[in-house]
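Keep in mind the model is a prediction, meaning the values are calculated, not measured.
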Protein chains: 2
Amino acid sequence: MSSCETCVVRNRAICAGLDNQEIVALNAIGRRRSVSAGEPLIWEDDDSLLVANVIDGVLKLTTSTEDGREQIVGVAYPSDFIGRPFGQTSKASVVALTDARVCVFSRNDFDRFARSHPELEHKLLERTLAELDRTRSWMMLLGRKTAPEKIATFLLEMSDRLAETGCTPITRGPAKRFTLPFSRQQVADVLGLTIETVSRQFTKLKNEGVIDLPARRDVEILNRASLVALAG
Amino acid sequence: MSSCETCVVRNRAICAGLDNQEIVALNAIGRRRSVSAGEPLIWEDDDSLLVANVIDGVLKLTTSTEDGREQIVGVAYPSDFIGRPFGQTSKASVVALTDARVCVFSRNDFDRFARSHPELEHKLLERTLAELDRTRSWMMLLGRKTAPEKIATFLLEMSDRLAETGCTPITRGPAKRFTLPFSRQQVADVLGLTIETVSRQFTKLKNEGVIDLPARRDVEILNRASLVALAG
DNA sequence: TGGCATGGTTGACGCGGATCAAAGCGGACC
DNA sequence: GGTCCGCTTTGATCCGCGTCAACCATGCCA
């Protein structure tokens with residue numbers, strides 16, 4: 001029996017509107033799975049055989065060029081949906097950034113289930129539209145923002161995202177202090193920069209007293225207003 | 001009566017699966033509208049009051065910074081869907097690039113109609129997922145590709161898109177020669193470059209015999225293989 | 001406690017693409 | 001045909017970020 005308590009709760013996020021019987025049915029076709037940090041779950045250009053719902057942890061969606069350049073095109077947090085339903089191939093790899101637990105479904109099973117449960121499809125549509133909005137605003141960042149603007153925007157986004165998903169034990173609202181689920185290289189891959197530029201911008205913000213960097217991956221926002229100003 | 005023949009045909013694209021009676025019902029809540037080149041249809045950050053289906057013409061989706069930098073985050077071709085259903089605000093402006101005809105719906109009407117027609121929602125979901133895939137692969141271009149790679153990728157994409165939507169009177173398959181629906185500035189806004197860089201890369205490709213530029217907005221692909229190689 | 005591996009920082013330098021400026025177009029209109 | 005006007009091209013210069021290389025911090029294991 002795969003339907004643990006947390007799994008049910010997280011799946012509920014994509015199920016609001018379904019009645020309890022349906023939620024149980026969905027859980028019945030899902031299988032819980034642990035993924036450790038760095039471990040891939042889905043490969044770019046592979047047949048789309050599975051989709052999943054994130055229970056906890058953070059995962060990255062990436063695309064790469066043949067010569068090894070990588071771009072992170074999305075980040076999945078708890079209760080986010082990953083994989084490509086209704087499509088033959090997935091256009092992005094999915095790799096865990098932290099140890100993560102997911103609830104995986106065979107794509108065929110999930111597609112069939114979704115098609116016969118309009119409320120679930122509706123929820124999925126809403127999420128996909130929201131993700132598209134987020135992705136488009138990230139295009140503006142990649143195409144038109146400077147390195148300092150990128151870093152500031154990134155820190156603000158992280159502060160919001162990590163607070164809202166409860167990855168930091170902090171009351172609601174943007175987190176003042178948080179632990180990045182990214183290495184410097186991964187931050188660079190999100191922002192379309194190099195690791196050196198990311199590092200330099202971080203220390204610059206630290207020297208200016210805008211943020212503090214108490215540990216490798218920890219960030220404390222000291223002056224949110226100037227971050228907002230810098231983000232443009 | 002707003003449901004002209006083309007409108008019905010184009011709407012049919014998002015309606016496959018609905019029976020005829022439903023298609024007629026959808027057309028009944030839509031209103032046909034002409035938009036001339038350069039005219040805006042939806043404004044960034046405005047209340048999302050209308051959604052639309054493109055009958056013909058090409059439109060751009062853009063986001064801008066306060067200081068006027070612009071990024072084109074999407075392009076809508078005939079039978080594409082624009083606007084933000086199930087959302088309070090639209091995160092992108094929509095402006096016609098060419099004279100265009102669209103079939104507009106009040107968002108409320110459309111949302112209500114969609115929620116009671118699962119087949120339509122499913123179609124919408126499939127389209128949104130496909131658009132998300134396209135958008136993500138564009139992120140790779142914006143974040144990691146060089147100017148020559150960007151231009152080559154752009155030309156190949158245009159060649160595919162313009163052929164497939166029938167904007168050029170050419171048999172199926174990628175178009176060898178086509179008219180860009182973009183000015184140089186707009187190409188720059190798609191690729192995250194400046195107008196000067198776009199111009200220089202175009203003339204470079206022309207000098208190398210990869211493409212020909214018979215008129216301002218016309219492109220002829222002379223050597224598709226090297227474009228593919230350049231696109232990376 | 002020392003050695004090593006991994007990841008992050010810092011510095012010197014060069015290049016790709018932005019910026020600034022001026023000179024071609026080519027179409028619309030008279 | 002002439003003369004605008006907006007768009008595009010071309011040239012000169014600059015600078016932000018990438019590249020290359022060395023150095024430093026941290027944590028792990030012997």
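- Between the CG atom of B:Leu124 and the CD atom of B:Glu131 there is a distance of 11.5 Å, given to the nearest 0.5 Å.
- Rounded to the nearest 0.5 Å, atoms CZ (B:Arg84) and CG (B:Asp46) are 15.0 Å apart.
- To the nearest angstrom, C1' of D:dC7 lies 15 Å from CG of B:Asp218.
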query = Which parts of nucleotides 15-28 of chain D does protein reach within less than 4.0 Å, heavy atoms only, written one letter per nucleotide 5' to 3' as B for base, S for sugar-phosphate only and - for none?
reply = --SSBB----B---
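- Remark: nothing in residues 205-213 of chain A comes within less than 4.0 Å of DNA chain D through any heavy atom.
- A salt bridge links A:Arg69 to A:Asp67: one of the charged nitrogens lies within less than 4.0 Å of a carboxylate oxygen.
- In terms of phosphate contacts, A:Ser199 brings no side-chain nitrogen or oxygen within less than 4.0 Å of OP1 or OP2 of C:dT10.
- Remark: P of C:dT10 and CD1 of A:Ile195 are 13 Å apart, rounded to the nearest angstrom.
- Rounded to an integer number of Å, the gap from CZ of B:Arg184 to P of C:dG26 is 12 Å.
- Panel note: side chain A:Arg101, backbone A:Asp56; no donor-acceptor pair is recorded below 3.5 Å.
- D:dT8 atom P lies 10 Å from atom CG of B:Leu180, rounded to whole Å.
- Counting to the nearest Å, the P atom of C:dG17 and the CG atom of B:Leu141 are 12 Å from each other.
- How far OG1 of A:Thr89 is from CD1 of A:Ile42: 11.5 Å, rounded to the nearest 0.5 Å.
- Taking the six-membered ring wherever Trp is involved, the centroid distance between the rings of B:Phe81 and B:Phe110 falls below 6.0 Å.
- When rounded to the nearest whole Å, the span between CD of A:Gln186 and P of C:dT6 equals 16 Å.
- Between the P atom of D:dT8 and the CZ atom of B:Phe182 lies a distance of 13 Å, rounded to the nearest Å.
- Under 4.0 Å is where a charged nitrogen must lie from a carboxylate oxygen, and between A:Lys60 and A:Asp189 no such pair does.
- Between B:Gln186 and B:Val190, every side-chain heavy-atom pair lies at or beyond the 4.5 Å cut-off.
- Side-chain atoms of B:Glu208 and B:Lys204, non-hydrogen and from C-beta on, do get closer than 4.5 Å to each other.
- A straight line from CD of B:Gln185 to P of D:dT9 spans 13 Å, rounded to a whole angstrom.
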